[in-house]
Amino acid sequence: MSRLLSVAAAQLGPIGQKESRLSTVNRLIVLMEQAVRLGAELVVYPEAALTAFFPHWWIEDEKDLDRFFELSMPNPDVKPLFDAANRFNVSFCLGYTEIAIEEGLKKRYNSAILVSDGGKIIGKYRKVHLPGYADRRPGDPFQNLEKKYFEVGNLGFPVWEAFNTKVGILICNDRRWPESYRVLALQGAELILIGYNTPLQNPAMPESDALSNFHNHLVMQAAAYQNSAWIIGVAKAGIEEGVMQIGQSCIISPSGEIVAQASTLGDEVVVARCDLDLAARYRARVFKFSENRRPEYYRAISETARS
Ligand code: CDT
């Protein structure tokens, strides 16, 4: 008997700066319902799926900043999504921005949770690779201030047993780093869930703007193949508060092929039936990590590498 899992990439269009949590959570529930009608057992939402992607703006006032963050999960605003998951008997992965009090100090993270079909949190990941800057770039068409607003994630790269497999989460810029996928795959992850908010433009390197969509798929398709894993990449797309964000949400097989892809830049669901045994087959027959990797060779290099 194959291990089959139907997964939905639930892409979001833009979220307005002033859009209420009620409105956004309703959109997430509509997408969940569509996904369930298409047979999905797991629904994957984008990075920071409850708000506009505020790291694109310089925000000085702490109260203004706080309104983009969640203090607990599920909180009363987000509870209807958990209730819907319970009602529809479907699991979900949700990106959101989090305030945590640690040793009496207020910390901010760019986080994502995996929630079971009973509405229980299975696990949480906090983004490790934070792009951009901590300072303002007045000449840029928009800001990229993740280093100002977030701490580097302190939960490592966890993998959870669920859906008859092992699952890991990455968040946006993490997907550009081969190490992110590798540490999940080495722990046995066969399914990797990724949400992103990716501007079409990179003010630090405008000459690469025409390749933004290509690079998005390049990194995830290569990683799916090299790590023998299913990858679900989900965008918040479209023009959000003046910033054009790429779409291309997709479901990628361990062969590296895209098996389902969104065709719009708005709220849209695509579903694919993922054969988890295909991940196991690629791992056993093509790569055999335990037999063929050469960690002793890599270690010497990673200990000295600086750039
Ligand atoms: N949210 C996020 O991590 N965005 C970054 C933008 C970097 S510009 C290339 C990303 O890697 O998509």
Side-chain angles (χ1 to χ4, degrees), residues 9 11-15 17 44-59 65 68-70 93-98 108-113 125-137 139-153 155 157 168-181 184 192-224 231-250 252 262 265:
Q11 176 175 286
L12 279 171
I15 299 177
Q17 193 188 152
V44 184
Y45 296 109
E47 172 190 35
L50 296 172
T51 63
F53 199 67
F54 59 89
H56 290 155
W57 320 304
W58 182 264
I59 302 170
L65 184 60
F68 292 103
F69 286 79
E70 311 305 314
C93 176
L94 177 73
Y96 67 102
T97 52
E98 178 195 9
R108 299 172 190 274
Y109 296 102
N110 187 342
S111 304
I113 45 172
Y125 169 69
R126 288 173 173 157
K127 184 175 182 177
V128 167
H129 299 98
L130 300 177
Y133 311 99
D135 61 334
R136 196 178 205 164
R137 308 270 149 150
D140 285 356
F142 57 88
Q143 305 297 307
N144 190 357
L145 293 163
E146 291 199 52
K147 286 191 173 69
K148 171 176 166 61
Y149 296 137
F150 305 125
E151 308 280 335
V152 172
L155 299 177
F157 289 94
I169 298 177
L170 299 175
I171 301 178
C172 197
N173 194 260
D174 287 326
R175 79 192 187 289
R176 301 188 193 274
W177 300 85
E179 295 90 338
S180 316
Y181 304 94
L184 294 178
I192 298 177
L193 316 176
I194 306 174
Y196 55 92
N197 280 267
T198 296
L200 190 62
Q201 277 184 288
N202 179 0
M205 189 153 172
E207 64 272 36
S208 73
D209 290 353
L211 299 173
S212 297
N213 282 303
F214 167 66
H215 288 153
N216 178 45
H217 280 170
L218 174 72
V219 290
M220 294 193 289
Q221 288 184 257
I231 291 184
I232 321 298
V234 189
K236 171 129 68 57
I239 302 174
E240 187 178 81
E241 300 292 349
V243 180
M244 180 64 193
Q245 301 209 133
I246 66 168
Q248 292 193 318
S249 298
C250 58
I252 305 168
L265 293 175

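Note that this is a predicted model, so its numbers are computed, not measured. Read the numbers this way: they start at 1 and go in the same order the structure lists the ligands and their atoms.
Using modelled atom types, one finds a donor on one side chain and an acceptor on the other under 3.5 Å when comparing Arg175 with Asn216.
Glu70 pairs by the salt bridge (Lys or Arg N to Asp or Glu O under 4.0 Å) definition with Arg21, not counting sequence neighbours. Scanning for salt bridge (Lys or Arg N to Asp or Glu O under 4.0 Å) contacts around Asp209 gives an empty result, with sequence neighbours left out.
Gln143 and Trp57 get closest at one heavy-atom pair: CB-N, 4.3 Å.
In this structure, ligand 1 sits under 4.0 Å from heavy atoms belonging to Glu47, Phe53, Lys127, Pro131, Glu146, Cys172, Asn173, Arg175, Arg176, Asn197, Thr198, Asn202.
Side-chain rings of Phe68 and Phe54 approach one another, their centers coming within less than 6.0 Å.
Residue pairs meeting the side-chain hydrogen bond (donor to acceptor under 3.5 Å, both in side chains) criterion with at least one member in residues 231-245, sequence neighbours excluded: Asn197-Lys236, Asn197-Gln245, Lys236-Glu240.
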